[in-house]
Amino acid sequence: MEASKFIWMDGDMVPWDQATVHVLVNALHYGSGVFEGIRAYETDQGTAVFRLTDHIRRLHRSAKAYRIPLEWSVDELVSACKQVVRDNDLEACYIRPLTFYGLGSVGLNPAGCEVKTIIAAWRWGAYLGEEGVRNGIRVRVSSWRRIPSTSFVPTAKGTGQYLNSIMAKQEALATGYDEAIMLNADGNVSEGSGENIFCVREGVVLTPPLASGILDGITRHSVMTLLAEDGVEVREAVLTRGDLYAADEVFLTGTAAEVTPIREIDDRPVGDGKPGPITRRAQELYQAAVTGRVPSKNHWLEHV
Ligand code: PPE
């Protein structure tokens with residue numbers, strides 16, 4: 001990764017190399033943290049963070065779900081994120097807020113641990129590669145199921161949850177694919193290791209509902225809104241693995257991945273193996289929105 005200058009740590013701007021923690025922080029042992037992933041883009045009016053307040057609100061919901069007392073308000077964290085972008089002289093970048101249980105005690109009751117919040121930002125290009133954005137990626141259905149809502153809170157971004165994503169991602173890469181699609185405990189489609197999933201069938205855009213055990217993705221919501229307002233029919237639907245095989249188009253959405261086409265699933269070409277017209281439209285609309293070229297969506301941009 002490309003280092004920046006400073007990381008915000010509970011109100012202080014700490015030089016990148018000095019932004020460290022003790023090896024006995026609770027979160028390092030048990031994954032007791034929550035985080036966000038946010039992108040800032042260059043626009044004609046300067047650098048703007050895409051849906052910053054919505055991301056920080058989700059951080060608060062994640063903290064509440066896992067009973068992590070987050071003392072910084074939404075407004076305070078929104079200003080801190082902007083300060084991190086400004087003080088690092090970044091234009092387009094990725095922003096990573098993280099709240100976690102720190103030092104206090106080792107053991108499964110984190111009540112005695114201090115709660116720490118940090119915000120880092122750095123330049124980060126295409127998550128699944130430039131080539132993937134252009135021509136689509138190859139995915140496989142993971143042998144790992146997505147963490148169920150009976151064991152975790154899938155709509156939250158808890159750090160410990162991501163061991164599940166890591167296993168799916170590692171397996172996909174080790175077996176020659178770019179990304180993993182996870183089914184939920186019922187065997188229906190949930191999402192990618194770090195992205196939501198959409199498919200297109202006969203012109204209708206379908207994506208699994210929150211009840212399929214997905215993260216409540218902000219890119220997912222943005223793309224659903226942009227396509228619907230563009231006249232495309234968009235529906236939430238429980239999807240099976242077979243629905244993905246039968247789809248004309250399939251794509252992933254996420255802050256990091258933006259809109260990434262899928263050209264092959266489990267060694268079967270998606271449609272004719274090239275990104276289709278609705279996927280292309282979703283990419284165009286999303287890029288236009290994040291860079292301030294969709295006037296009705298300028299309220300999604302929060303200038304630094
Ligand atoms: N599902 C998962 C499991 C997920 O991690 C993300 C974000 C999404 C869906 C899409 O959510 P949203 O960003 O709100 O549209 N994954 C983050 C990257 C994970 C990583 O650190 O790698 C991200 O895109 O920032």
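Counting starts at 1 for both ligands and their atoms, in listed order. Below, each value reflects all heavy atoms present in this structure, side chains not excepted, and no hydrogens, waters or symmetry copies.
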If hydrophobic clusters are built from ILVMFWY residues whose side chains come within less than 4.5 Å, do L252 and L227 share one?
no
* For H55 and G37, indicate whether the former's side chain and the latter's backbone hold a donor-acceptor pair under 3.5 Å. => yes
Are V153 and I218 grouped together when hydrophobic residues (ILVMFWY) are joined by side-chain heavy atoms under 4.5 angstrom apart? no
*asked:* Are F100 and F35 linked, directly or through intermediate hydrophobic residues, by side-chain heavy-atom contacts shorter than 4.5 Å (ILVMFWY only)?
replied: yes
Within the 4.0 Å heavy-atom cut-off around ligand 1, the contacting residues, ordered by chain and number, are G37, R58, Y94, R96, Y127, K157, Y162, E191, S193, G194, E195, N196, L215, G217, I218, T219, T253, G254, T255, A256
Taken in chain and number order and not counting sequence neighbours, the residues that satisfy side chain to side chain donor-acceptor pair (under 3.5 Å) with E42 are none
| said: I'd like to know if the side chain of D243 and the backbone of T240 have a donor-acceptor N/O pair within less than 3.5 Å. | reply: yes
